2 protein chains.
Amino acid sequence: MSDPADDLIPSVFARDCASRGVLTNVTGKWGGLALAALHDGSYRFNALRRRVDGVSEKMLAQTLQALERDGLVRREVQATIPPRVEYSLTPLGARAAAKLKELIDLLEGEIGQVRAARAEYDRDHAAGVR
Amino acid sequence: MSDPADDLIPSVFARDCASRGVLTNVTGKWGGLALAALHDGSYRFNALRRRVDGVSEKMLAQTLQALERDGLVRREVQATIPPRVEYSLTPLGARAAAKLKELIDLLEGEIGQVRAARAEYDRDHAAGVR
DNA sequence: GTTGGTACTTTCTAATAGTTAGTGCATTCT
DNA sequence: AGAATGCACTAACTATTAGAAAGTACCAAC
């Protein structure tokens, strides 16, 4: 985006383009999984944390905040004790999540192929053959 | 994947599932961009580095190695001086890249909406309103 | 001679992820 | 009574990874 003319054409390939930033959030380790979970329906904070195995409260809170700021996730607060916060996808978030879900389904569906590739790669590189 | 029965059903939501690892590689900051660039055609190392603004040699080499190991990227070496290495997508890599490209096109296409959302978020949270 | 090209690897520094404890109220259990 | 659990985060500290910069060896061009 150093070329002013490029400002008019968003490109994730350009470091400073806003689309790079949102792509980084959407496809971040936890962002993608949060969006994919929310694709199945809205979640409260701890339910979402239980759904996405391995994410810490800190990383989840941070991720949801970024996604909310990007306009992909909606955060609705009820002033109850204990607090009750519900996360759901905005229309744009739903569109992004649908694309992510397709990618995820593909990778899950072809995991056998990936495993075979990894085994072959590790065999070929065990003796530093390269 | 702690439940043996779950071994039969790949899920990116399970921390130890192989599909989680490959999703992390594919949607990593540099992995996604490398796949998207290779979607447009094969690249040699430095050409790819110039295409993906902001990636270091180190991160690119590391990323391509992971993608190669997952069976998504093919690395072809010609024993020339200087060395000549060409990267291209495998059939599985091409399928994943196509999905990624759809997601990227969506985010690039809606970047105005993202910018507006960010502006609104920042306004609402400037005084710590939340 | 210097500079640039090739595709990485190595070493050190900077940044972020991750771990753990904390907040304050309510409910349930011992 | 105290302890544990729930809620949704935040703060402080530690661990890990990203990133910056230099290095490798050969060739070609200036």
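Remember, it's a predicted structure, so these values are computed and weren't measured experimentally. To find a chain, count down the sequence lines: A is the first, B the second, and so on, and within it residues start at 1.
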Can you measure [X] atom [atom1] to [N] atom [atom2] for me and round it to whole angstrom units?
X	N	atom1	atom2	value
Glu68(B)	dA7(C)	CD	C1'	13 Å
Leu60(B)	dA20(D)	CG	C1'	15 Å
Arg84(A)	dA8(D)	CZ	P	8 Å
Glu86(B)	dT6(C)	CD	C1'	13 Å
Gln65(B)	dT10(C)	CD	P	11 Å
Tyr87(B)	dA7(C)	OH	P	8 Å
Asn46(A)	dT10(D)	CG	P	13 Å
Glu57(A)	dA11(D)	CD	P	14 Å

For Glu86(A), is there an ion pair with Arg44(A) - N to carboxylate O distance below 4.0 angstrom? no
So does Glu110(A) pair up with Arg95(B), basic N to acidic O under 4.0 Å? yes
If the cut-off is 4.0 Å, is [X] near the phosphate of [N], judged by side-chain N/O to OP1 or OP2?
X	N	answer
Arg75(B)	dC8(C)	yes
Tyr43(A)	dC7(D)	no
Arg44(A)	dC7(D)	no

For residues [X] and [Y], report the shortest heavy-atom separation together with the two atoms involved.
X	Y	answer
Arg49(B)	Val55(B)	NE-O, 3.0 Å
Leu33(A)	Leu23(B)	CD2-CD2, 4.0 Å
Ala37(A)	Val52(A)	CB-CG2, 4.4 Å

Donor + acceptor pair across side chains of Gln65(A), Tyr121(B) (<3.5 Å): yes
Nearest to the side chain of Arg50(B), heavy atoms from C-beta on, is which of dC9(D), dT6(C), dA8(D)? dT6(C)
Any chance you could lay out the salt bridge (Lys or Arg N to Asp or Glu O under 4.0 Å) test for Asp122(B) and Arg69(A), step after step, and finish with the verdict? CA-CA 8 Å; Asp122(B) 292 343; Arg69(A) 182 168 177 274; 2.8 Å; yes
Across nucleotides 13-19 of chain D, 5' to 3', mark each nucleotide with B, S or - according to how protein heavy atoms within less than 4.0 Å reach it. -----BB
Of all pairs that satisfy side chain to side chain donor-acceptor pair (under 3.5 Å), the ones with a partner from residues 17-29 of chain A, not counting sequence neighbours: Asn25(A)-Asp70(A)
Worked verdict on Leu64(A) versus Phe45(A) for side-chain contact (heavy atoms from CB on, under 4.5 Å): CA-CA 9 Å; Leu64(A) 289 171; Phe45(A) 187 86; 4.1 Å; yes
Please enumerate all protein N or O atoms sitting under 3.5 Å from an N or O of nucleotides 26-30 of chain D, with distances to 0.1 Å.
none

